[in-house]
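Contents: one structure, followed by commentary.
Along the sequence shown, residues are numbered consecutively beginning with 1. Note that ligands are numbered from 1 as they come in the structure, with each ligand's atoms numbered from 1 the same way.
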Amino acid sequence: MAYDPNNIFAKILRGEIPCSKVYEDEHVLAFNDINPQTAKHVLVIPKGAYVSFDDFSQDASEAEIAALMRATGQIARDLGVAETGYRTVSNTGEDALQEVPHFHLHIFAGQPLGRMIKPPHK
Ligand code: 5GP
């Protein structure tokens, strides 16, 4: 899938749409989700143009991958949830209902999070 430069996170990265920023470095931007699913819900994105986890894991540089992982841990500590716990999620593609085609990690935190997945019972 080709990267769509008009996706909403690309617009946030270009400063065309505001965001509630919680972290930024050379390779990474993180901001509060506009429609939080938990008490604390942060999105961590690379600044590079990657569609999904699949894309990022294949084509991103070692520096970009390391930066995203390091930043995610740091953000969780800054949120004060490293001790109480949190969940990182990345939805990739159709089966995972990925909405925004720019790779992002969700950080869900600030409350008990329940089971990881509610099975779609057969
Ligand atoms: P996905 O389903 O792609 O994993 O998650 C996309 C997330 O982006 C959703 O949780 C949604 O609420 C969030 N989102 C969509 N548009 C915006 C926006 O304009 N600003 C922010 N901060 N979050 C957004």
- Query: Which of the numbered atoms in ligand 1 are below 4.0 angstrom from a heavy atom of Asn91?
  - Reply: 1 (P), 2 (O), 4 (O)
- Check against side-chain contact (heavy atoms from CB on, under 4.5 Å), His102 and Val51: CA-CA 4 Å; His102 181 112; Val51 174; over 6 Å; no
- Would you check the N or O atoms of Ile34, main chain and side chain alike, for any that come under 3.5 Å of an N or O of ligand 1? yes
- Query: What protein heavy atom sits nearest atom 19 (O) of ligand 1, and how far off is it?
  - Reply: Ile8 CG1, 3.5 Å
- Message: Give me the residue, atom name and distance of the protein heavy atom closest to atom 22 (N) of ligand 1.
- Response: Asn32 O, 2.9 Å
- Item | Atoms in ligand 1 with a heavy atom of Leu97 nearer than 4.0 Å | 2 (O)
- Tell me, with the steps shown, if Asp33 and Val42 meet side-chain contact (heavy atoms from CB on, under 4.5 Å). CA-CA 5 Å; Asp33 196 291; Val42 170; over 6 Å; no
- Are Ile17 and Leu43 connected in the hydrophobic side-chain network, where two residues link if heavy atoms are under 4.5 Å apart? yes
- Step-by-step side-chain contact (heavy atoms from CB on, under 4.5 Å) determination, Lys21 to Leu29: CA-CA 8 Å; Lys21 184 166 78 176; Leu29 179 69; 3.5 Å; yes
- Message: Can you tell me which portion of Val89 lies within the under-4.0 Å heavy-atom range of ligand 1? Options are side chain, backbone, both, or neither.
- Response: neither
- Task: Starting from atom 8 (O) of ligand 1, locate the nearest protein heavy atom and write down its residue, its atom name and how far away it is, to 0.1 Å.
- Result: Phe9 CZ, 3.4 Å
- Hey, are Asp78 and Gln74 close enough side-chain-wise for a donor-acceptor pair under 3.5 Å? yes
- Task: Compute the ring centroids of Tyr50 and Phe9, then answer whether they are less than 6.0 Å apart.
- Result: no
- min-distance protein heavy atom vs atom 6 (C) of ligand 1 -> His104 NE2, 3.6 Å
- Exercise: do Asn7 and Tyr3 side chains pair donor with acceptor under 3.5 Å: yes
- Task: May I ask you to identify the nearest protein heavy atom to atom 3 (O) of ligand 1, giving residue, atom name and distance to one decimal place in Å?
- Result: Glu99 N, 2.7 Å
- Query: Is the shortest side-chain N to carboxylate O distance from Lys47 to Glu24 below 4.0 Å?
  - Reply: yes
- Step through the shown structure and confirm whether more than 12 heavy atoms of other residues, nucleotides or ligands are within 6.0 Å of CG on Asp95. no
- Message: As an exercise, identify every atom of ligand 1 less than 4.0 angstrom from a heavy atom of Gln98.
- Response: 3 (O)
- Does His106 reach ligand 1, in the sense of a heavy atom lying below 4.0 Å from it? yes
- Task: Check each atom of ligand 1 against the heavy atoms of Asn35 and keep those under 4.0 Å away; list them by number with element.
- Result: 12 (O)
- Item | Closest protein heavy atom (residue, atom, distance) for atom 9 (C) of ligand 1 | Asp33 OD2, 3.3 Å
- Heteroatom distance test (Val100, ligand 1): nitrogen or oxygen, under 3.5 angstrom: yes
